[in-house]
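Reviewing the structure listed below.
These figures come from a predicted structure and were not determined experimentally. Reckoned from all heavy atoms, side chains included, excluding hydrogens, waters and symmetry mates.
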Amino acid sequence: MMQEAKVQCRGSWYLPAGRLERGESLEEGLCREVTEETGLLCQPLTLLVVEERGTSWVRFVFLAQETGGVLKSSASADKESLQASWWDTVSPLPLRCRDILPLIQLALEYHQRASHPPILPQLCPSPFLILRLLLVCTSPGEMQILRSSSESAHLPTVVCTRRLSSILHPLLHLLQDPPTSYGILGVQHQGGDDADGLCLNIMGVFHGPELPAVTTEGLSWVAVEDEGLKNRLEQAMKKKTLLPLHS
């Protein structure tokens, strides 16, 4: 935990956190913020959850391992933080905001039993915030995915433009109904000029005898014939291996 130095919350405590600087990758920003605010070095292990409130606010929550450094004392207080300390989560501690308590609980649970495989961002440039959608509809004995109707078939890809709406808002333009469940398969981000966007590979699942109505031209449901692919998709759904996305 780090003790805040900012005037509006000076003296309260919070997890190491901050905004990316221009040109940084997500992991570089994580390591920089941890060092600036706690004095420690760390190694990212996995993303725990992605939180979003539209394109103007997306928060990536990591689980990381301390690898070195010196815990920041009050003698080293600066504009980044007053000091840092380990917290047992039980002793009284004035928090800047209680929104971190569910995240701490999520990390403790993941440490005991991983809810999904380790997922770290892949370096891949993108000029925008993009969703690549793997939408699956299952019924007894059959599985279908939504894809483009063109000869060069591909998964639906949409650009998020509404700042104050959920980044999942574009789904409403593709299908009449939202998926029963969804999560993140992978995160792609690189940073840098003209490449500081983000691509979220999202899997959404529908259950039922009828296919969800498609409201966008150029997309259609196609049966999954490849048994290997079908098995991998079924395992992804059964084992709940997707990274949570909280909107």
Hey, what else clusters with [X] if you join Ile, Leu, Val, Met, Phe, Trp, Tyr whenever side-chain heavy atoms sit under 4.5 Å?
| X | value |
| --- | --- |
| Tyr110 | Leu45, Leu48, Val49, Val61, Leu63, Leu103, Leu106 |
| Leu41 | none |
| Leu123 | none |
| Val90 | none |

Which heavy atom of [X] sits nearest a heavy atom of [Y], and at what distance?
| X | Y | result |
| --- | --- | --- |
| Gly29 | Leu20 | CA-CD2, 3.7 Å |
| Cys31 | Cys42 | SG-O, 3.7 Å |
| Val224 | Lys230 | O-CE, 3.3 Å |
| Gln188 | Cys124 | CB-CB, 3.8 Å |
| Glu80 | Met2 | O-CE, 3.6 Å |
| Pro117 | Thr46 | O-OG1, 4.1 Å |

For Glu142, which residues count as a salt bridge (charged side-chain N to carboxylate O under 4.0 Å, His left out) partner, sequence neighbours excluded?
none
Among residues at least two apart in sequence or on other chains, which ones pass salt bridge (charged side-chain N to carboxylate O under 4.0 Å, His left out) with Arg113?
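Not a single residue meets the salt bridge (charged side-chain N to carboxylate O under 4.0 Å, His left out) criterion with Arg113.
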Taking CZ in Arg10 as the centre, count heavy atoms belonging to other residues, nucleotides or ligands within less than 6.0 Å. Is the count above 12?
no
Should the heavy atoms of other residues, nucleotides or ligands under 6.0 Å from CD of Glu109 be counted, would the total exceed 12?
yes
Kindly indicate, with the supporting measurements, whether the criterion side chain to side chain contact (heavy atoms under 4.5 Å, CB included) is fulfilled by Val136 and Ile145.
CA-CA 5 Å; Val136 183; Ile145 63 171; 4.0 Å; yes
Say you draw a straight line from [atom1] of [X] to [atom2] of [Y]; how long is it, rounded to the nearest 0.5 Å?
| X | Y | atom1 | atom2 | result |
| --- | --- | --- | --- | --- |
| Leu40 | Gln65 | CG | CD | 11.0 Å |
| Leu129 | Thr161 | CG | OG1 | 10.0 Å |
| Leu15 | Ile100 | CG | CD1 | 4.0 Å |
| Cys137 | Gln144 | SG | CD | 7.0 Å |
| Leu243 | Ile119 | CG | CD1 | 5.0 Å |
| Arg147 | His154 | CZ | NE2 | 10.0 Å |

Could you pull out all residues at least two apart from [X] that satisfy side-chain contact (heavy atoms from CB on, under 4.5 Å)?
| X | value |
| --- | --- |
| Trp87 | Met1, Thr89, Ser91, Leu93, Leu95, Leu101, Ile104 |
| Pro125 | Gln190, Ala195 |
| Leu120 | Glu27, Pro44, Phe62 |
| Ser12 | Glu4, Cys9, Arg96 |

Stepwise side chain to side chain contact (heavy atoms under 4.5 Å, CB included) check, Glu33 with Glu24:
CA-CA 12 Å; Glu33 287 288 352; Glu24 281 185 322; over 6 Å; no
Side chain proximity check, Ile184 to Leu242, heavy atoms < 4.5 angstrom
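In short, these two side chains do not touch, never coming nearer than 4.5 Å.
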Would a 4.5 Å heavy-atom cut-off, applied to side chains only, mark Pro94 and Trp13 as touching?
yes
Counting only N and O atoms by type, is there a donor-acceptor contact under 3.5 Å from the side chain of Ser81 to the main-chain atoms of Ala5?
no
When you measure from the side chain of Glu37 to the backbone N and O of Ala17, does any donor-acceptor pair fall under 3.5 Å?
yes
For residues 199-214, dump all side-chain donor-acceptor pairs below 3.5 Å to protein atoms at least two apart in sequence or in another chain.
| residue | atom | partner | partner atom | Å |
| --- | --- | --- | --- | --- |
| Asn201 | OD1 | Arg132 | NH1 | 2.5 |
| His207 | ND1 | Thr138 | OG1 | 2.8 |

Set out, in order, the CA-CA distance, both residues' side-chain angles and the distance that settles side chain to side chain contact (heavy atoms under 4.5 Å, CB included) for Leu229 and Met143, then state yes or no.
CA-CA 10 Å; Leu229 174 59; Met143 176 184 293; over 6 Å; no
For the pair Glu36 and Arg32, find out whether any cationic side-chain nitrogen is under 4.0 Å from an anionic carboxylate oxygen.
yes
Is there any side-chain hydrogen bond (donor to acceptor under 3.5 Å, both in side chains) pair reaching into residues 217-229, and which pairs are they, with sequence neighbours excluded?
Ser149-Ser220
Ser166 and Leu168: CA distance, side-chain angles, deciding distance, side chain to side chain contact (heavy atoms under 4.5 Å, CB included) verdict:
CA-CA 5 Å; Ser166 167; Leu168 296 176; 3.6 Å; yes
